[in-house]
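Chain letters run A, B, ... following the sequence lines, proteins first, then strands; residues in each count from 1. Side chains included, hydrogens not; waters and symmetry mates left out as well; all remaining heavy atoms used.
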Number of protein chains: 2
Amino acid sequence: MPPTPAVPHGKRPTLADVAARAGVSTALVSIVMRDAKGAGAATRERVLQAAQEIGYRPDTRARLLRSHRSHLLGVQFGLQHPFHSDLLEGVYAVAEPAGYQIALSAVAAGRGEQRATDTLLADRCEALILLGPQAPAARLAELAAQLPVVSVARRLRGSAPGVEVVRTADDEGARQAVDHLVALGHRDIAHIDGGRAPGAADRRRGYRTAMSRHGLADRVRVLPGGLTEEDGAAGARALLDAAPRPTAVLAFNDRSATGVLDTLLRARVPVPDEISVIGFDDSHLARLAHINLTTVGQDIPRLAELAVGRAIARLEGERIPDGEAVVAPRLVIRGTTAEPA
Amino acid sequence: MPPTPAVPHGKRPTLADVAARAGVSTALVSIVMRDAKGAGAATRERVLQAAQEIGYRPDTRARLLRSHRSHLLGVQFGLQHPFHSDLLEGVYAVAEPAGYQIALSAVAAGRGEQRATDTLLADRCEALILLGPQAPAARLAELAAQLPVVSVARRLRGSAPGVEVVRTADDEGARQAVDHLVALGHRDIAHIDGGRAPGAADRRRGYRTAMSRHGLADRVRVLPGGLTEEDGAAGARALLDAAPRPTAVLAFNDRSATGVLDTLLRARVPVPDEISVIGFDDSHLARLAHINLTTVGQDIPRLAELAVGRAIARLEGERIPDGEAVVAPRLVIRGTTAEPA
DNA sequence: CTCGTTCCCTAGAACGTTCTAGTAGCTGGA
DNA sequence: TCCAGCTACTAGAACGTTCTAGGGAACGAG
């Protein structure tokens, strides 16, 4: 049975209303609402009762205005990236128990990163967590001059001083994928890359290095790609026309790998019998029974935990280990890889 | 060349700082920042200059605290629903030009709808837009007693008075799909439904009615499903075992349809040659060249526009047409439907 | 020259909260 | 008896903005 609010619309109850009803000062109500010490048990009860009755809810904006700390972390994310959704889930899970609120700002068509970060700053966030930011390093540096900034998944080689970086060891992930394929007996292993997407350069490099280390430098084949299903599908079509046709392919991410799988199925090329396919991320997609994709898993909860942790550490003046926080990837072997025919 | 902020951290510049630097009152700076009338051209210029120099940004929280209107719309969405992402994009596109800001609150594992709406209320949103809310009608009614609430995609047959509903005509969409298949010559048309998801009941009903109207009541076959790829895949497996095997299937949504397609491809059942498949939503997924799914399109920009429009209309005291806002679906014919073999 | 208007600008209150500095009343020890 | 040290409470300032009221100067009309 929800308590009927005393005031229907527009005027929401304030501390003063509660105070008047309970016959105490607003300061005391504030104390009770914050569960701070300095109020007697009986009065506390009476105040809570009064608050309940008139449906009082604290106004966070006024609260933040007054207290110099806002305990608010701004998170910028891309609306169309499932990977970001997964990260966000982790961010919430870590931040809220630590006593920090999350303010979200989406990057979408017609709403660029500048706009997204501007609103976060205007909301008085204490720190910024940027998921896969694409903004120029200079812009990130500018932000970092104002408040702690954490870049997740985007590497910044000293070009934006002050920005914390949390990322997966992308090159290592690509290496694990290649090692796995080589161990199965593959030699013609192609890579459909991620173009200019965050992490793409490292995965490309990891692939190249691993191939060389196995003496397969001359088999290296990098096909231009991107981070969508379509990019993967296009890459796969190019792959089918190649001679000799590779027996395995490492896609930039799971979305791209899905595109590859689909194209191969359509072309009646059995996976993994004729071609093995590996994705990257271990997103929900890869785990679906009917996709069952072998993939390089990113430790998403760990990435989220590190990102939030670094932001909070910077805010609370703790000492932070120098340099990037790099999380190890882990190959997840499922059904799309096997020995070559 | 970004201007170097005068104050590095913590203390961000305020109106007073700008005022001091420009040699005017804070009230005047406020006027200039809001682009309100009441300031001379020369002074205006000088103030803007000063603001620029010290990197001033208005503090929205303080701003909202003072002005009785907050011009803030709270939007609750599900992190794992691409359809919600698309809607959000539309919401931003409509709200910001209309002078309203958006506060996002995600529903995720471990963060339920109650939590999501609570934070929105604490942030002083003026109205709530809930994307596919699953909360009990009583809770929605409780919210609606406090402020304007719009439910998108979830139908509420009078069980939550005061809640505005904006949705697609799901039954009509299902009808269009069936009509299209019947026109192609199909008679054995199955439906993999959405279980208890918002809209599922209407689509199920629309399918049944349309089948009856074509004299195919005895061919009706509804398979239990859901809103994920896995649900679709499971439905498709059941479908393949059926005798007689249907020649066409209407999935609950595009995600489900993707699962169906994948299962059929794997089973070497050619689409659309042996089985036609229709999805629902016309999400990004369906438009991908390699999926190329015939689907019932929801008019996402229109849904977003109506949702925001109703919220704003309620806030500004405009007269709103009674009843739900129902948007017409439109069948998008692509490559997964054809005449039966 | 005076009066009203208009334009530019300012002082100070207000928004709903938290914080600082205190007051009043009690308990207990010397 | 006195005071130190608690606990329970309050008044009032402060946060950064916008709003209300108004002040002074310039100008045109009478």
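- In this structure a side-chain-to-backbone donor-acceptor pair under 3.5 Å is present from B/Arg46 to B/Ala22.
- With DNA chain D read from its 5' end, the first of the two nearest nucleotides for B/Arg34 and B/Ala62 is the one closest to B/Ala62.
- Residues A/Leu143 and A/Thr117 are in side-chain contact: their nearest non-hydrogen atoms beyond the backbone lie under 4.5 Å apart.
- Here B/Gly38 lies in heavy-atom contact (under 4.0 Å) with a base.
- A/Thr43 comes within 4.0 angstrom of sugar-phosphate atoms only, judged by non-hydrogen atoms across all strands, and of no base.
- As judged by a 4.0 angstrom heavy-atom cut-off over every strand, B/Arg69 is placed among residues making no nucleic acid contact.
- Of the residues in residues 21-32 of chain A, those placing a heavy atom less than 4.0 Å from an atom of DNA chain D are A/Val24, A/Ser25, A/Ala27, A/Leu28, in numerical order.
- Applying the side chain to side chain donor-acceptor pair (under 3.5 Å) rule to A/Thr119 yields the partners A/Ser105; only residues at least two apart in sequence or on another chain are considered.
- Counting 5' to 3', DNA chain D first comes under 4.0 angstrom of a heavy atom of chain B and last does so at the ends given by D/dG16 to D/dC19.
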Next item on the list: Any chance you could lay out the side-chain hydrogen bond (donor to acceptor under 3.5 Å, both in side chains) test for B/Arg167 and B/Ser151, step after step, and finish with the verdict?
Entry: CA-CA 8 Å; B/Arg167 64 177 182 93; B/Ser151 161; over 6 Å; no
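- Between the side chain of B/Ser70 and the backbone N or O of B/Leu64 there is no donor-acceptor pair closer than 3.5 Å.
- Formation of a donor-acceptor pair under 3.5 Å by the A/Ser85 side chain with backbone atoms of B/Leu79 is found in this model.
- Across all strands, A/Arg61 comes closer than 4.0 Å to no nucleic acid atom at all (heavy-atom distances).
- The residue among B/Arg44 and B/Leu65 whose nearest nucleotide of DNA chain C lies closer to the 5′ end is B/Arg44.
- A salt bridge links B/Arg57 and A/Asp118; the closest N-O separation between the charged side-chain nitrogens and carboxylate oxygens is under 4.0 Å.
- Contacts classified as ring pair (Phe, Tyr, Trp, His ring centres under 6.0 Å) and involving residues 13-71 of chain B (residues at least two apart or in different chains) are given here: B/His71-B/Tyr100.
- Under a 4.0 Å N-O distance rule, the pair B/Glu96/A/Arg111 qualifies as a salt bridge.
- Residues passing the side-chain contact (heavy atoms from CB on, under 4.5 Å) test with B/Leu104, sequence neighbours excluded: A/Phe77, A/Leu104, A/Ala106, B/Val75, B/Phe77, B/Leu88, B/Tyr92, B/Ile102.
- For the pairing with B/Arg310, the side-chain hydrogen bond (donor to acceptor under 3.5 Å, both in side chains) check across B/Glu318, B/Glu305, B/Glu164 returns one residue only, B/Glu164.
- Comparing the helix axis at one end of the helix from C/dC1-D/dG30 to C/dA30-D/dT1 with that at the other, each defined from 5 consecutive pairs, gives an inter-axis angle of 60° (nearest 10°).
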